[in-house]
A.B. asks: 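This is the structure I want to talk about, given as structure tokens.
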Amino acid sequence: GQENNLTILPETRVHANGANGRGVMFAYGKDHTFTQRGDVEALGANGIAASFDFGHNSLGDNYETRGSYIHTASQKSAPLLDELNGPLVSRVDLTGRLAGKYAAIYISDNAYVGQINVMGPAQLSGDIISEYNEVDEKSKQRITTLAFGNKANASGQSTGQADQDFSFSYGGNIVGINNLSVQLVAGQTQLTGNHALYDLKVAQGATLLGSGNYKINRDGAFSNQGKVILSRIETPLNIDGAYAQTSTGELQLAFNDKSKISSLLVKGNADVDGTLSFAPERGY
């Protein structure tokens, strides 16, 4: 149950489209890796394309529970087993397709994933959900990094380098207010939907395009060091939490010939530096 590496190669299809289907599941151990280059779907009722979940004890959780950095016996803390002393999956690299009716990616409350890299030409259909909410020995929150825009090597694994040609559009919801840190590394990422995140960072050289609703953890912030484009006049970008734009950050608003303009609405502290720009709609 440790350091297993699973790769789904291009042209390989894993379809689990019955009710409660699971395309790929990691269910025990630590420090596994998952490289998804093929096609995985679970489009039946409650289907999950990629699931990270220890599940529950068949004798009842009151008897014993196990998970990433979690071990209890008779509802009391127990010595941490070696195979639990680490993330269930240390790295997920996506250049293929994940599609799920309930979720494209699901992380349970007892499973910790270190980093998820979404790289070209990945496709995601369905929500991204993380219920994990644990702290380390220094009471620091254990965070899962969800990165968009790293460059993949020939094996479909992240090189850690920025891919300036990255272009990605995602219409699902990203939900993980206690765990998920969304990092836009490079290129252009379009996000819509309703998101609940620990924090979000648009790096210098990266662009976020879109609208939608963002609820940010009180210990995090929506940080813009790159460029945020509000191209939809009729749909504002709502942030429930802190917004911080650095000196390298740019906020671009759209306007039309009817004297209407796109908008950013922040319910929380706003610390704005950098550039404010305006772009006319096509046909102005």
A.B. asks: Between OH of Tyr102 and CG of Asn20, what distance do you get to the nearest 0.5 Å?
C.D. replies: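 Spacing of OH (Tyr102) from CG (Asn20) equals 11.5 Å.
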A.B. asks: More than 12 non-hydrogen atoms from neighbouring residues, nucleotides or ligands closer than 6.0 Å to NZ on Lys30, yes or no?
C.D. replies: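 Yes - once you tally the heavy atoms of other residues, nucleotides and ligands closer than 6.0 Å, there are more than 12.
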A.B. asks: Measuring from Ile107:CD1 to Ile128:CD1, what's the distance to the nearest 0.5 Å?
C.D. replies: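 Reported value, rounded in 0.5 Å steps: 9.0 Å.
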A.B. asks: Of all residues at least two apart in sequence or in a different chain, which pass the ring pair (Phe, Tyr, Trp, His ring centres under 6.0 Å) check with Phe54?
C.D. replies: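 Phe54: ring pair (Phe, Tyr, Trp, His ring centres under 6.0 Å) contacts with Tyr28.
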A.B. asks: Please report the interatomic distance CG(Asn153) to OG1(Thr159), rounded to the nearest 0.5 Å.
C.D. replies: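 Reported value, rounded in 0.5 Å steps: 7.0 Å.
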A.B. asks: How long is the span from the OG atom in Ser130 to the CD1 atom in Ile116, to the nearest 0.5 Å?
C.D. replies: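 Between Ser130 OG and Ile116 CD1, I get 8.0 Å after rounding to 0.5 Å.
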A.B. asks: Just so I know, are the side chains of Gln183 and Asp199 near enough to count as touching, which here means a heavy-atom distance under 4.5 Å?
C.D. replies: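 Gln183 vs Asp199: side chains touch.
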A.B. asks: Among all residues two or more places apart in sequence or in another chain, which pass the side chain to side chain donor-acceptor pair (under 3.5 Å) test with Gln161?
C.D. replies: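 For Gln161, no residue satisfies side chain to side chain donor-acceptor pair (under 3.5 Å) once neighbours in sequence are set aside.
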A.B. asks: Out of curiosity, Gln157 CD to Thr95 OG1, how far, rounded to the nearest 0.5 Å?
C.D. replies: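 Rounded to the nearest 0.5 Å, the CD-OG1 separation comes out at 9.5 Å.
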A.B. asks: Report the distance from atom CZ of Phe255 to atom NZ of Lys260, rounding to the nearest 0.5 Å.
C.D. replies: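 With rounding to 0.5 Å, CZ (Phe255) is 15.5 Å from NZ (Lys260).
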A.B. asks: Using every non-hydrogen atom in the two residues, find where Phe52 and Val113 come nearest and quote the distance to one decimal.
C.D. replies: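 Closest heavy-atom pair between Phe52 and Val113: CG-CG2, 3.8 Å.
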A.B. asks: Could you label the plane-to-plane angle of the Phe222 and Tyr214 rings as parallel, tilted or perpendicular, counting under 30° as parallel and over 60° as perpendicular?
C.D. replies: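 Ring orientation of Phe222 relative to Tyr214: perpendicular.
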A.B. asks: Can you name the side chain to side chain contact (heavy atoms under 4.5 Å, CB included) partners of Ala42, sequence neighbours left out?
C.D. replies: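 Ala42 satisfies side chain to side chain contact (heavy atoms under 4.5 Å, CB included) with no residue once adjacent residues are dropped.
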A.B. asks: Is the shortest distance from a Lys or Arg side-chain nitrogen in Asp39 or Arg97 to a carboxylate oxygen in the other one below 4.0 Å?
C.D. replies: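 Result for this pair is yes, salt bridge flagged.
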A.B. asks: May I ask you to say whether Lys215 pairs ionically with Asp240, meaning some side-chain N is under 4.0 Å from a carboxylate O?
C.D. replies: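 Answer for the salt bridge query: yes.
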